Amino acid sequence: MEPTDTDILVLPLAQALLTAGSVLALVTVVVLVRRNHLELRYSLLWLLACCAGVGAAVYPESSRIAAHAMGVRFPFNAVFLLVMAFQLAVTFMLTLAASRSRRDRARLAYELARLRLELEDLRARDAAAATRGATAAGSGAPSAE
Amino acid sequence: MFPRRLVIVPAFNEEARIAETVAELRAEAAGWDVLVVNDCSTDGTVAAVRSCGATCLDLPVNLGIGGAMQAGFRWARAHDYDVVVQCDGDGQHPARYVDAVSRPVLAGECDLAIGSRFLNEGGGYRSTPMRRLGIRLLGLLIRALFGRHVTDCTSGFRAINRRLLHDFSHYYPLDYPEPEVCGLVLASGLRVVEVPVTMRQRMGGRSSISELDGALYVVKVGVALVLSRLRTLPE
């Protein structure tokens, strides 16, 4: 007899691999957040995805329930649709962050360039004042400073 | 009171020509201060600018033409300038036209004045045929979207007043800004005037869009123009 979509999802090996993969991903995300390598705000979506993965592995019937709720005939198609939606959400979030970051970068670059210019100006004035002072001291005249 | 006037020269790897451009501005645009914005050049642009004693805003990272111009606008606003002219550092824009380009802005006739190479009957360099076609297409799109004909929307020889200086220091398009700025200014109900100028062929450096496929540039800028129809400059 041909296996159905649901049968494939509940194969013990597939279930074990999905469980192990999801738990590993969950632990990795938590460790990265703890070590400050991943910002908490960007980790929330990944934590949610890992939890969903663990849930789907432990309770395979959930894919059928999700497919039914979404009005999709085959659970596999529902899972693919959810994964694609997740990828789009992550990509959109990243482009938003990149746009904001680019504006911040431009502002910081300007501020740094402005400070450099002001510092050079101050140094030049200092050097000019020191030269004037040295010249005045050499000639015995009172310094202009 | 005499208006404070500034020429901003964005420069990226313009070592060959920048000193000459600054010298020409000083000689032929009397009464104008000059600010060179070095967009993290990898050649001797900064040394060349400093050797001629011009003020140089030296960006620590490459921001592109839009980011470099916005840095210049921020600096101009912080130093209370009344009118700002943008002028390329590669020698394309003759300094003798700085006064002509800024005149309508200083007279209060417009907010943005664009130096157009296509209004001058006297000739001069008018770019390659493919680029001219792209500029024409973008001009037609601007006319369709905003009802105003702009013959040279990609020209980087332009002047703005205090109002736009304020707006651009808060928001300025980062990629291929010139045509999009035309759209944003017109969408905000502000006035644009074109002034005939003669341009020269660039004598050094590289064009900011030379490596881009021209068709892709027109498509990208076209989309940006359509989107600019839906928004105005943030106050």
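As the structure is a computational prediction, the values presented were derived from the model and not from experiment. So you know, we letter chains A, B, ... as the sequences are listed, proteins then strands, and number each from 1.
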> Non-hydrogen atoms of chain A under 4.5 Å away: do they reach the side chain of B:Ala78, the backbone, both or neither?
Replying inline: side chain
> Which atoms of B:Cys40 come close to chain A, meaning under 4.5 Å heavy atom to heavy atom: side chain ones, backbone ones, both, or neither?
Replying inline: neither
>> For a quick test of reading the model, state the closest non-hydrogen atom pair linking B:Tyr171 to A:Arg103 and the distance between them.
In response: CE1-NH2, 3.2 Å
> Atom CZ in A:Arg114, atom CZ in B:Arg74: separation rounded to 0.5 Å?
Replying inline: 11.0 Å
>> Can you tell me if A:Glu120 has over 12 outside heavy atoms packed within less than 6.0 Å of its CD?
In response: yes
> If you count heavy-atom pairs under 4.5 Å between each of A:Leu117, A:Asp121, A:Leu112, A:Leu108 and chain B, which one has the most?
Replying inline: A:Leu117
>> Which atoms of A:Glu111 are under 4.5 Å from chain B, going by heavy atoms: the side chain, the backbone, both sets, or neither?
In response: neither
> Backbone N or O of B:Asp58 within a donor-acceptor pair of the A:Arg116 side chain at under 3.5 Å?
Replying inline: yes
> So what's closer than 4.5 Å to chain A heavy atoms on B:Phe73: side chain, backbone, both or neither?
Replying inline: neither
> What is the distance from atom NE2 of B:His170 to atom CZ of A:Arg107, rounded to the nearest 0.5 Å?
Replying inline: 7.0 Å
> Can you check whether B:Asp175 reaches A:Arg102 side chain to side chain, under 4.5 Å on heavy atoms?
Replying inline: yes
>> Can you give me the closest heavy-atom contact between A:Ala109 and B:Pro60, atom names plus distance?
In response: O-CD, 3.4 Å
> Are there more than 12 heavy atoms of other residues, nucleotides or ligands under 6.0 Å from atom CH2 of B:Trp32?
Replying inline: yes
> Near B:His79 NE2, under 6.0 Å, is it more than 12 heavy atoms from other residues, nucleotides or ligands?
Replying inline: yes
> In terms of heavy-atom proximity below 4.5 Å to chain A, should B:Asp39 be classed as side chain, backbone, both, or neither?
Replying inline: neither
